[in-house]
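Read through the structure below, which is laid out as structure tokens, and then see the notes.
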Amino acid sequence: MIDKKIYRYSNVELLDVIKNGTDKSVIKKAESEFKSRNLTLEQKAKIESDYLKYKEFQKERKNKPLTREEWLTFFILPFFTPKPTGRNDHYSESEMERFEKYGFTEKARQANQVKLFGIIFWFVIIVCLILIFN
């Protein structure tokens, strides 16, 4: 929601800004946008229930651990991930930014730890190869 204009917010996002926002001018804009959508009482009740689900999912997301695939990616490719055509960012860095932006605090913590283990792993492998071939 950081880079979106207020008129592009979903109804649930607007409700979240109204209930949890800190900037009074943004809250007023969100309230006026919400009112301008001319929602019926049934629609507003549905949005309230969707908002409760949204907050529940937000809490669950905070504590989700890394999946096996994410764990392996951060461990095996901690610093030399190839850049696919059309992307100028590093995979590990972009995933870390995504974790922080969307509130995956547990995943971000685990990813940092696994990246460190991956760097240590590759360092030990390189040292062993140097010792074997010398």
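Excluded from the calculations below are hydrogen atoms, water molecules and symmetry mates; all remaining heavy atoms, backbone and side chain alike, are included. Quick note: residue numbers are just sequence positions, from 1.
Within the 4.5 Å cutoff, the side chain of Q113 has no heavy atoms near those of the F74 side chain. The shortest distance between side-chain heavy atoms of S10 and E13 falls below 4.5 Å. Side-chain contact between E70 and K107: present, with at least one pair of heavy atoms (C-beta onward) separated by less than 4.5 Å. A 4.5 Å side-chain heavy-atom check between L66 and F99 finds at least one atom pair inside the cut-off. Within the 4.5 Å cutoff, the side chain of T67 has no heavy atoms near those of the W71 side chain. Here the side chains of F104 and R98 are in contact, with some heavy-atom distance below 4.5 Å. The closest side-chain heavy-atom distance from D16 to K55 is below 4.5 Å. Annotation: side chain of W122 is in contact with side chain of I76 (closest heavy-atom distance under 4.5 Å).
Within 6.0 Å of the CD1 atom in I125, the count of heavy atoms belonging to other residues, nucleotides or ligands exceeds 12. Shown here is K19, whose NZ atom has more than 12 heavy atoms of other residues, nucleotides or ligands within 6.0 Å. By the neighbour-count criterion of 12 heavy atoms within 6.0 Å, atom CD of E60 is densely surrounded, having more than that number from other residues, nucleotides or ligands.
Rounding to the nearest 0.5 Å gives a distance of 6.0 Å between CG of N63 and OG1 of T105. The distance from atom CD of E42 to atom CD1 of I47, rounded to the nearest 0.5 Å, is 12.0 Å. To the nearest 0.5 Å, atom CD of residue E48 and atom CG of residue L41 are 11.5 Å apart. With rounding to the nearest 0.5 Å, the separation of CD1 in I18 from CD1 in I27 is 8.5 Å.
Clustering ILVMFWY residues whenever any of their side-chain heavy atoms sit less than 4.5 angstrom apart, transitively, puts Y7 in a cluster other than the one holding L15.
For E100, the side-chain hydrogen bond (donor to acceptor under 3.5 Å, both in side chains) test picks out no residue, with sequence neighbours left out.
Taking the six-membered ring wherever Trp is involved, the centroid distance between the rings of F117 and F75 does not fall below 6.0 Å.
Minimum heavy-atom separation, L14 to E33: CD1-CG, 3.7 Å. A pairwise comparison of heavy atoms in R37 and N11 identifies NH1-OD1, 2.6 Å as the closest pair.
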Margin query: As a quick check of understanding, evaluate side chain to side chain contact (heavy atoms under 4.5 Å, CB included) for E31 and V17, giving each step before the final call.
Written below: CA-CA 9 Å; E31 286 173 342; V17 169; over 6 Å; no

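Put simply, the side chain of Q110 never gets that close to the backbone of P65: no donor and acceptor are under 3.5 Å apart.
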